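As the structure is a prediction and not an experimental result, all values here were calculated from the model. We're numbering straight along the sequence, starting at 1.
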Amino acid sequence: LIFVAVFSIVSFVINQSENEPNYSFSLVWNTYGISSYDSKTGKLIKTKDATEPNRYITFLQLSEEQYAAIWELIEDLDIESYPDVYDPTGNIYVTPYETLILSVKAEGIDKKVAVYENTLYFSSDEKARKFLDVCRGIEEILTGTNEWKKLPEYEFFYDGFGNTDKVTIG
């Protein structure tokens with residue numbers, strides 16, 4: 001029964017992705033939203049914050065298994081129940097801040113949920129944790145690919161003490 005369910009999901013995703021161009025997702029993540037992936041174009045960006053940003057861009061064609069795993073995460077999220085700009089913690093601010101933007105187009109759904117100052121770590125709300133877990137799950141799949149690993153190491157890091165100044169590595 002589990003095999004049939006997984007096979008059905010994979011078949012559905014493959015058929016949808018081949019036959020319906022609007023069946024896609026994108027994710028923006030990382031400090032100040034410097035990393036992103038768009039399944040419609042395959043464009044994978046490790047960082048926009050570099051002296052030569054084009055060195056940090058590649059194209060990724062997800063495998064059937066990766067695509068199915070991501071869609072399983074997205075389907076469990078119930079993305080339409082989230083507001084367009086999501087901030088369940090209210091007046092908590094962190095610096096440097098992380099941006100998460102998940103966009104989904106599928107079966108009549110065209111939804112984008114943005115968390116501009118990611119304070120979801122501080123939320124006890126189950127819905128906030130679910131959104132964070134889904135984004136982290138997608139991020140883990142993307143950053144685990146050979147295409148991601150072949151990109152150069154980050155040129156800049158943030159100091160972790162609330163300073164938004166860049167610390168140059170190397």
Side-chain angles (χ1 to χ4, degrees), residues 1-48 56-90 92 94 97-151:
L1 184 60
I2 293 173
F3 173 76
V4 172
V6 170
F7 180 75
S8 296
I9 290 171
V10 169
S11 296
F12 175 76
V13 168
I14 292 168
N15 289 335
Q16 288 295 320
S17 64
E18 289 175 356
N19 299 326
E20 188 177 328
N22 288 335
Y23 198 77
S24 61
F25 75 93
S26 66
L27 178 66
V28 174
W29 76 94
N30 225 328
T31 306
Y32 304 116
I34 61 172
S35 302
S36 64
Y37 177 72
D38 184 340
S39 71
K40 196 168 200 168
T41 64
K43 190 174 190 178
L44 178 64
I45 300 173
K46 186 170 186 174
T47 183
K48 298 180 290 185
Y56 295 86
I57 299 172
T58 192
F59 290 88
L60 168 64
Q61 178 68 45
L62 292 169
S63 71
E64 294 174 11
E65 294 80 16
Q66 291 165 326
Y67 207 73
I70 289 171
W71 278 104
E72 188 174 330
L73 290 168
I74 291 170
E75 287 174 347
D76 287 345
L77 186 59
D78 186 21
I79 195 164
E80 289 186 295
S81 70
Y82 288 81
D84 295 343
V85 176
Y86 187 47
D87 183 11
T89 56
I92 297 175
V94 294
Y97 65 88
E98 179 183 19
T99 298
L100 290 171
I101 303 172
L102 178 61
S103 300
V104 175
K105 290 184 180 183
E107 299 180 26
I109 298 170
D110 187 355
K111 182 69 175 178
K112 178 169 93 172
V113 178
V115 178
Y116 291 108
E117 294 203 27
N118 183 6
T119 57
L120 299 179
Y121 298 105
F122 306 106
S123 178
S124 59
D125 181 62
E126 187 175 318
K127 191 171 183 166
R129 295 299 312 170
K130 182 70 174 174
F131 185 81
L132 182 61
D133 290 346
V134 166
C135 290
R136 288 290 171 258
I138 296 169
E139 179 185 339
E140 185 176 298
I141 291 168
L142 297 173
T143 60
T145 64
N146 288 332
E147 290 82 355
W148 178 272
K149 292 174 184 176
K150 288 178 186 175
L151 292 168

Tell me the closest heavy-atom pair linking L77 and K130, and the distance in Å.
CD1-CG, 3.7 Å
Between the CG atom in L27 and the OG1 atom in T99, the distance rounded to the nearest 0.5 Å is 11.0 Å
Are the side chain of Y37 and the backbone of T143 linked by a donor-acceptor contact shorter than 3.5 Å?
no
Heavy-atom pair with the smallest gap, counting every atom of F25 and Y67
CE2-CE1, 4.1 Å
Could you tell me whether the side chain of S81 reaches within less than 4.5 Å of the side chain of K127, counting heavy atoms only?
yes
Using side-chain heavy atoms (C-beta onward) and a distance below 4.5 Å, is I138 in contact with L102?
yes
Rounded to the nearest 0.5 angstrom, the OG-NZ distance for S26 and K105 is 8.5 Å
Looking only at heavy atoms, what is the nearest atom pair of D38 and K40, with distance?
OD1-N, 2.9 Å
Interatomic spacing from CD1 in I101 to CG in D84 - rounded to 0.5 Å:
11.5 Å
Closest non-hydrogen contact found for W148 with L142 is CB-O, 3.4 Å
Within this structure, what is the CD-OG distance for the pair E139 and S36, rounded to the nearest 0.5 Å?
12.0 Å
Please name the pair of heavy atoms, one in S35 and one in N30, separated by the smallest distance, quoted to 0.1 Å.
OG-ND2, 3.0 Å
Salt bridge between E147 and K150, side-chain N to carboxylate O under 4.0 Å?
no
Is there a donor-acceptor contact under 3.5 Å from the side chain of Y82 to the main chain of K111?
no
For the atom pair CG (D133) and CZ (R136), what is the distance rounded to the nearest 0.5 Å?
9.0 Å
Taking atom NZ of K112 as the centre, does the number of heavy atoms from other residues, nucleotides or ligands within less than 6.0 Å exceed 12?
no
Could you please spell out the steps behind the side chain to side chain contact (heavy atoms under 4.5 Å, CB included) verdict for V134 and I79?
CA-CA 10 Å; V134 166; I79 195 164; over 6 Å; no
Side-chain contact test, heavy atoms from C-beta onward, threshold under 4.5 Å: evaluate it for F131 versus L100 and give yes or no.
yes
Closest heavy-atom pair, L44 versus W29, reported as atoms and distance to 0.1 Å, is CD1-CH2, 4.3 Å
Can you name the residues that form a side-chain contact (heavy atoms from CB on, under 4.5 Å) with Q66, not counting sequence neighbours?
L62, S63, I141, T145
What's the verdict on side chain to side chain contact (heavy atoms under 4.5 Å, CB included) for L132 and V115, showing C-alpha distance, side-chain angles and the deciding distance?
CA-CA 10 Å; L132 182 61; V115 178; over 6 Å; no
